[in-house]
Each structure stands twice: as structure tokens, then as C-alpha cells.
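Right, one structure below, let's go through it.
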Amino acid sequence: MTKHFFGDTTVLLGRSLRHVTRSVDTIITTAITPIAMMLLFVYVLGGAIKSGSDSYVNYLLPGILLITIASGIAYTAFRLFLDMKGGIFERFQSMPIARSSVLWAHVLTSLVANLISLVVVVLVALLMGFRSGAGVLAWLAVAGMLILFTLALTWLAVITGLTAKTVDGASAFSYPLIFLPFISSAFVPTGTMPGPVRAFAEHQPVTSIVNAIRNLFAQQPVGSDIWVALAWCVGILVVAYVFAMITYRRKIS
């Protein structure tokens with residue numbers, strides 16, 4: 001059964017990736033918005049923002065990476081919605097394939113596409129002056145956290161793609177996720193915010209993830225931030241996965 005699942009997922013992943021390669025503009029679009037934000041904040045607003053860092057692009061990049069992921073997962077919901085409405089799921093049900101492999105193919109496609117977008121954003125940040133003395137282990141830790149965050153949000157996107165009534169509804173759910181980093185430590189220290197906003201910013205998942213990544217890049221002690229960040233990512237991932245599978249079974253039953 002396990003071998004059957006992996007084989008089916010690989011085949012369906014190839015199908016999904018071919019769709020992505022035929023519309024490379026989706027990856028480019030995903031990367032353009034975060035890059036535009038990075039250019040705006042660094043070269044237009046950066047001089048007026050007191051981040052406590054010598055290089056604002058170094059301070060800003062972790063939040064921009066999370067916005068890149070939040071932008072990218074909208075396409076997962078969009079592609080899944082089109083498959084649902086196009087009747088492809090009914091065709092798959094008539095075939096002797098592992099049912100969950102259909103969802104996993106979309107999830108892994110999202111992971112691949114988002115990783116490509118993240119690499120593009122990091123390369124642009126390097127051109128803008130981003131520098132890090134982080135070692136291989138620190139970079140691997142950052143990559144692992146971004147992968148976990150991508151998987152967590154992608155499974156949320158799966159739920160939306162399965163339940164949305166319109167194409168706009170399938171992709172619009174990512175807007176609040178893109179906005180969330182603005183009420184966190186991604187752009188300015190939370191200490192500069194008024195009381196209620198600061199309380200929310202310091203206790204939402206983006207702040208702990210951003211702080212952990214920023215400290216890893218800066219070769220600073222990560223403290224409890226990394227454990228809080230991991231707890232958020234794993235918690236969201238598990239809950240989203242369970243609800244996505246329940247929703248999927250109801251849809252195909």
C-alpha cells in the first residue's frame with residue numbers, strides 16, 4: 001500500500017509540475033510582489049524605519065520570505081479548485097490509485113514552486129546587500145523552518161481549494177496571510193507598537209518564525225523563538241492536514 005501511494009504520488013506530482021512549467025508566470029508573479037515590497041521598504045521607507053539593525057535588508061528578509069510563501073500557496077488552492085470543478089477528481093476515483101496521493105501531489109508541487117520563488121527572492125536580496133555569516137547548519141535550519149511553514153500553509157490552501165465556491169474565493173484566502181507579517185516583527189520591532197497591537201504581534205506565529213530566522217542569519221542565539229516557531233508550524237500543519245483529509249473524504253464520498 002505504501003509503495004502504491006508513493007508511486008501514484010510521483011506520477012501525479014509530475015502532472016502538476018508540468019502544469020507549473022507551462023505557466024512559469026505563476027512562479028514569477030509569486031516572487032514579484034515580495035521583491036517589490038523589499039525594494040519599496042529598503043530604498044524608500046528603510047531610511048525612516050528604526051529597526052536597530054545596521055542593514056535594513058538583513059532585518060527585512062525573513063518577513064519577505066514568509067510573504068513569498070503566503071503569496072505562493074494561493075496558486076495551490078487555485079489549481080486544486082480547477083481540478084475539482086473540471087471533474088478530474090471523479091476520473092481519478094475510477095482508477096486504482098491511492099486517494100490521498102491526489103492531494104499530496106498538489107502539496108509537493110506547492111513546495112517545489114515556493115522553494116524556487118524563495119531562492120529568487122534571496123538572490124535579489126543578495127544583490128540589494130543582504131549578507132549573512134551563518135554556517136551550513138544555520139542555513140539548513142532556516143530552510144527546514146521555511147519548508148515546515150510552506151507545508152502548514154499549503155494544507156490550509158488545500159482546505160480552501162476543496163471548499164471554495166468560486167475561483168476568486170479559492171485564492172483570496174491568502175490575502176490575510178500576506179497581511180499578517182505587517183503586524184509582527186517582520187518590518188519593525190514590536191516594541192514600537194501600541195499596547196494591544198504589540199500584544200497581538202508578539203503572540204502570533206509570524207513573529208516567532210521571523211525572529212528565529214533573523215537570529216539564525218545573524219549568528220545570534222535563537223532562544224525560545226525557534227521552539228515557539230516550530231510549535232506553531234507543526235501545530236498548524238497537523239490541524240490543517242487532519243481537516244483537509246476529512247474535507248477531501250467528504251467531497252469524494
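Quick note: numbers below take in every heavy atom, side chains included, and nothing from hydrogens, waters or symmetry partners.
Side-chain atoms of Ser117 come within 3.5 Å of backbone atoms of Ala113 as a donor-acceptor pair (strictly under, hydrogens ignored). A side-chain donor-acceptor contact under 3.5 Å links Arg131 to the backbone of Leu126. Of the possible donor and acceptor atoms, one in the side chain of Gln204 sits under 3.5 Å from a partner among the backbone N and O of Leu180.
No side-chain heavy atom of Met37 sits under 4.5 Å from any side-chain heavy atom of Leu60. In this structure, the side chains of Val239 and Val242 stay at 4.5 Å or more apart for every pair of heavy atoms. Taking 4.5 Å as the limit, some side-chain heavy atom of Thr109 sits within range of a side-chain heavy atom of Arg79. Between Ile73 and Leu177, some side-chain heavy-atom pair lies under the 4.5 Å cut-off. For the pair Ile213 and Leu61, the minimum side-chain heavy-atom distance is 4.5 Å or more.
Rounding to the nearest 0.5 Å places OG1 of Thr33 at 12.0 Å from CE of Met38. Here the CD1-CG distance, from Ile64 to Leu39, works out to 9.0 Å after rounding to the nearest 0.5 Å. Of the inter-residue distances, the one linking Thr150 atom OG1 with Leu66 atom CG reads 9.0 Å to the nearest 0.5 angstrom. Between atom CZ of residue Arg214 and atom OG1 of residue Thr207 there is a gap of 9.0 Å, rounded to the nearest 0.5 Å. To the nearest 0.5 Å, atom CZ of residue Phe243 and atom OG1 of residue Thr163 are 12.0 Å apart. In this structure, Arg198 CZ and His203 NE2 are separated by 10.0 Å, a value rounded to the nearest 0.5 Å.
Closest heavy-atom contact between Ala201 and Met193: CB-SD, 3.7 Å. Taking every heavy atom of both residues into account, Gly129 and Asn58 meet most closely at O-OD1, 4.1 Å. Nearest heavy atom pair, residue Ile69 against residue Leu146, reads CD1-O, 3.8 Å. The nearest pair of heavy atoms linking Cys233 to Leu148 is CB-CB, 4.0 Å. Considering every non-hydrogen atom in both Ala240 and Ile159, the closest pair reads O-CD1, 3.6 Å. Taking each heavy atom of Leu216 and Ala138 in turn, the nearest pair found is O-CB, 3.9 Å.
For the side-chain hydrogen bond (donor to acceptor under 3.5 Å, both in side chains) with Ser185, the lone residue among Asp225, Asn211, Thr192 that qualifies is Asn211. A ring pair (Phe, Tyr, Trp, His ring centres under 6.0 Å) with Phe130 is found for exactly one of Tyr56, Phe217, Tyr59, namely Phe217. When Tyr175, Phe187, Phe200 are each tested for a ring pair (Phe, Tyr, Trp, His ring centres under 6.0 Å) with Phe182, only one passes: Phe187.
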Step by step, work out the ring pair (Phe, Tyr, Trp, His ring centres under 6.0 Å) result for Trp227 and Trp232.
CA-CA 9 Å; Trp227 302 115; Trp232 273 112; over 10 Å; no

Chi angles and distances behind the side-chain contact (heavy atoms from CB on, under 4.5 Å) call for Leu151, Thr154
CA-CA 5 Å; Leu151 289 173; Thr154 299; 5.6 Å; no

In sequence, state the C-alpha distance, the side-chain angles, and the governing distance for Val112 and Ile116, and then conclude on side-chain contact (heavy atoms from CB on, under 4.5 Å).
CA-CA 6 Å; Val112 172; Ile116 294 172; 4.2 Å; yes

Would Thr190 and Glu202 count as a side-chain hydrogen bond (donor to acceptor under 3.5 Å, both in side chains) here? Give the steps.
CA-CA 7 Å; Thr190 57; Glu202 290 180 347; 3.0 Å; yes

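Under the 4.5 Å side-chain heavy-atom criterion for Ile, Leu, Val, Met, Phe, Trp and Tyr, Val188 and Val44 are members of the same hydrophobic cluster. Hydrophobic clustering (ILVMFWY, side-chain heavy atoms < 4.5 Å, transitive): Leu140 and Ile147 are in distinct clusters. A continuous path of ILVMFWY side-chain contacts below 4.5 Å connects Leu111 to Val119, so both sit in one hydrophobic cluster. A continuous path of Ile, Leu, Val, Met, Phe, Trp and Tyr side chains, each step under 4.5 Å between heavy atoms, connects Trp139 with Leu123, placing both in one hydrophobic cluster.
In this pair, Trp104 and Trp155 present their aromatic rings perpendicular. The plane angle is above 60°, beyond the 30 to 60° band.
For Leu137, the CG atom sits in a loose shell: 12 or fewer heavy atoms of surrounding residues, nucleotides or ligands are nearer than 6.0 Å.
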